[in-house]
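Remember, it's a predicted structure, so these values are computed and weren't measured experimentally.
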Amino acid sequence: MRSPFSLLDLRPLPVVQILDIGARSEGDDSYQAVVDLGLAEVTGFEPDPASFAALQSRSGPYRYFQNFLGDGQEASFQVCAWPGCSSLLEPDPAIINLFCGIGAEAGANFSVISRHRVATTRLDDLPGIAPDLIKIDVQGAERLVLSHGSRALESALIVQCEVEFLPLYKDQPLFGEMQTFFQQRGFHLHKLIDVHGRTFRPLQLPDRRAALSQMLWADALFVRDISRLDRWSDDDLLKGALLLHDLYLSYDLVLVLLTAHDRRQALAGAPGGLAEAYAARLRRSTNLTRLYLNEGR
């Protein structure tokens, strides 16, 4: 889902740094639009060997590492039948087996087929990590990884973080705990996207992945405190506007950032008018797509 126009149509924009933690690909990346514009450099981490090999074959503004990110200690890694379910945490059959379309019984997607002791690396111990956008999906271990990534969080303007509403993994922090974690680090919840659920067994819809009532997981978008735009640099305002427009279709918040940028330009005696041009382009667009509590697939 993309915006009908790009912010780049209005003026040149700075390149954004993207940190992708859990970079395993199942199609276009959520940040593909800014890569296609030539406005992104991507650093990714993916420990699964097959997924890492596939990522290594990509051409473009990418660099990938096979580290298991964590607290710097040795940990157990649970390899599941579906690689995307593998985690540093243990899947919880008591929750998972309540639902259609997912399962922890033998052969099902969350079933553990092997366990390995692995060495984890603290994100804070890696040089040259200064993202504008963090996208993280590590199956319940998001808080563990980011608790040891303070420098990356201090740099980031936006974090796209997978969150769960029920504990699919044992002892994992749920959505409310993750919101508190980000709030304490100067981020506000902006919105939920790609909301997923499943039906309770035994009721099953024709699409086994479809939800009827229960939310299970989503991607939560957290944005650096908008009430303190004085802490955003001029480039931050433009980078944030680019990401929020071209990736997340948050037109109203983009206008807030561009208005703040114009105000600074006026104080410096430089040309402005970007917010006005953007608002005019929005008014002329008859097919503005939205990305708000959409159902994930």
Quiz item: Side chains of P4 and L288: closer than 4.5 Å at any heavy-atom pair?
Solution: yes

Quiz item: With side chains defined as the heavy atoms from C-beta onward, is the minimum distance between L19 and I129 less than 4.5 Å?
Solution: yes

Exercise. Could you pull out the closest heavy-atom pair between A279 and L255, with the gap in Å?
Key: CB-CD1, 4.2 Å

Quiz item: Would you say the side-chain atoms of T120 pair up with the backbone N or O of Q73, donor to acceptor, closer than 3.5 Å?
Solution: yes

Quiz prompt | Other cluster members, L267 - Ile/Leu/Val/Met/Phe/Trp/Tyr, side-chain contacts below 4.5 Å | solution = none

Practice problem: Look up atom CD in E142 and atom CG in L69, then write down how far apart they are to the nearest 0.5 Å. | Solution: 11.5 Å

Quiz item: More than 12 non-hydrogen atoms from neighbouring residues, nucleotides or ligands closer than 6.0 Å to CZ on F200, yes or no?
Solution: yes

Exercise. Please assess F77 against F68 for the test ring pair (Phe, Tyr, Trp, His ring centres under 6.0 Å), listing each intermediate value before the final yes or no.
Key: CA-CA 9 Å; F77 185 68; F68 286 88; 4.9 Å; yes

Self-check item: side-chain contact (heavy atoms from CB on, under 4.5 Å) evaluation trace for F175 with L192
Solution: CA-CA 11 Å; F175 166 65; L192 299 177; 4.0 Å; yes

Quiz item: So, does S86 use its side chain to make a donor-acceptor pair with the main chain of P83 at under 3.5 Å?
Solution: yes

Quiz item: Could you state the interatomic distance from CG (L221) to CG (L291), rounded to the nearest 0.5 Å?
Solution: 8.5 Å

Quiz item: What pairs of residues pass the salt bridge (charged side-chain N to carboxylate O under 4.0 Å, His left out) test when at least one of them lies in residues 56-71, not counting sequence neighbours?
Solution: D29-R58

Quiz item: Would F52 and Y64 count as a side-chain contact (heavy atoms from CB on, under 4.5 Å) if you check the C-alpha gap in whole Å, the side-chain angles of each, and the deciding distance to 0.1 Å?
Solution: CA-CA 8 Å; F52 179 73; Y64 292 106; 3.8 Å; yes

Exercise. Give the minimum heavy-atom separation between P49 and Q66, together with the two atoms involved.
Key: CA-NE2, 3.5 Å

Practice problem: Taking side chain to side chain contact (heavy atoms under 4.5 Å, CB included) as the test, write out the residues that go with S233, two or more places apart. | Solution: D235, D236

Practice problem: With the side chain counted from C-beta on, respond yes when D132 and I158 share a heavy-atom pair under 4.5 Å apart, and no when they do not. | Solution: no

Quiz prompt | Pairs flagged by salt bridge (charged side-chain N to carboxylate O under 4.0 Å, His left out) wherever residues 4-20 is involved - sequence neighbours left out | solution = D9-R281, D20-K135

Practice problem: Assess whether atom CD of E276 is packed by more than 12 heavy atoms of other residues, nucleotides or ligands within 6.0 Å. | Solution: no

Quiz item: Where the side chain of N294 meets the backbone of D194, is there a donor-acceptor pair that is under 3.5 Å apart?
Solution: yes

Self-check item: Pairing of E154 and R185 as salt bridge, 4.0 angstrom limit
Solution: no

Quiz prompt | S155 (side chain) donor-acceptor with A152 (main chain) under 3.5 angstrom | solution = no

Quiz item: Does anything in residues 121-147 pair up under ring pair (Phe, Tyr, Trp, His ring centres under 6.0 Å), and if so which pairs, sequence neighbours excluded?
Solution: none

Exercise. Search all heavy atoms of G27 against all heavy atoms of S25 and return the closest pair with its distance.
Key: O-OG, 2.7 Å

Quiz item: Can you find a heavy atom in the side chain of Y62 that is under 4.5 Å from one in the side chain of L55?
Solution: no

Hey, can you pull the donor-acceptor pairs under 3.5 Å for the side chains in residues 240-247, sequence neighbours left out?
from : atom 1 : to   : atom 2 : distance (Å)
H245 : ND1    : Y278 : OH     : 2.9
H245 : NE2    : S3   : OG     : 2.9
H245 : NE2    : F5   : O      : 2.7
D246 : OD1    : L7   : N      : 3.1
D246 : OD2    : S6   : OG     : 2.9

Quiz item: F181: what forms a ring-ring contact (aromatic ring centres under 6.0 Å, His included) with it, not counting sequence neighbours?
Solution: none

Self-check item: Rounded distance (nearest 0.5 Å) linking atom CG of L146 with atom CG of L123
Solution: 7.5 Å

Quiz item: Which atom pair, heavy atoms only, marks the closest approach of C80 to P91?
Solution: SG-CG, 3.9 Å

Quiz item: Between L189 and A220, what is the shortest heavy-atom contact and its length?
Solution: CD1-CB, 4.0 Å

Practice problem: Determine, for R201 against E105, whether the closest basic-nitrogen to carboxylate-oxygen distance falls under 4.0 angstrom. | Solution: yes

Quiz item: So do the side chains of L153 and V159 get within less than 4.5 Å of each other, counting heavy atoms only?
Solution: yes

Quiz item: Is any side-chain heavy atom of M215 less than 4.5 Å from a side-chain heavy atom of H196?
Solution: no

Quiz item: Quick check: does any side chain N or O of Q78 sit under 3.5 Å from a backbone N or O of R115, one acting as donor and the other as acceptor?
Solution: no

Quiz item: Which residue pairs pass the side chain to side chain donor-acceptor pair (under 3.5 Å) test when at least one of the two sits in residues 257-266, sequence neighbours left out?
Solution: D234-R264

Practice problem: Starting from the C-alpha separation in whole Å, work towards a yes-or-no answer on side chain to side chain donor-acceptor pair (under 3.5 Å) for H190 and S250. | Solution: CA-CA 9 Å; H190 179 46; S250 297; 2.8 Å; yes

Quiz prompt | Exam field: side chain D92 to backbone A94, donor-acceptor pair closer than 3.5 Å | solution = yes

Self-check item: Point-to-point distance, once rounded to the nearest 0.5 Å, from CG of L237 to CG of L258
Solution: 8.5 Å

Quiz item: Do V34 and I18 have side chains that get closer than 4.5 Å, going by heavy atoms?
Solution: yes

Exercise. Assess whether atom CZ of R117 is packed by more than 12 heavy atoms of other residues, nucleotides or ligands within 6.0 Å.
Key: yes

Quiz item: Residues two or more places apart in sequence or in another chain: which of them pass side-chain hydrogen bond (donor to acceptor under 3.5 Å, both in side chains) with S213?
Solution: none

For residues 160-172, run the donor-acceptor check on the side chains, cut-off 3.5 Å, and write out each pair with its distance to 0.1 Å, sequence neighbours left out.
from : atom 1 : to   : atom 2 : distance (Å)
Q160 : OE1    : S30  : OG     : 3.3
Q160 : OE1    : Y248 : OH     : 2.6
Q160 : NE2    : D219 : OD2    : 2.7
E164 : OE1    : Q172 : NE2    : 2.8
Y169 : OH     : C85  : O      : 2.6
Y169 : OH     : Q139 : NE2    : 2.8
Q172 : OE1    : L168 : N      : 3.0
Q172 : OE1    : Y169 : N      : 3.0

Quiz prompt | Nearest heavy-atom neighbours spanning R198 and I102 | solution = NE-CG2, 4.0 Å

Quiz prompt | Rounded distance [0.5 Å steps], CZ in R290 versus OH in Y251 | solution = 9.5 Å

Quiz prompt | side-chain contact (heavy atoms from CB on, under 4.5 Å) between Q179 and F222, worked out | solution = CA-CA 8 Å; Q179 183 176 4; F222 296 94; 4.2 Å; yes

Quiz item: Any ring pair (Phe, Tyr, Trp, His ring centres under 6.0 Å) pairs touching residues 8-51, not counting sequence neighbours?
Solution: F45-F65

Quiz item: Measuring from Q204:CD to C100:SG, what's the distance to the nearest 0.5 Å?
Solution: 4.5 Å

Practice problem: Can you run down the ring pair (Phe, Tyr, Trp, His ring centres under 6.0 Å) pairs that involve residues 125-151, sequence neighbours left out, and say none if there aren't any? | Solution: none

Practice problem: Kindly indicate whether the side chain of L203, heavy atoms from C-beta on, has any atom under 4.5 Å from the side chain of L212. | Solution: yes

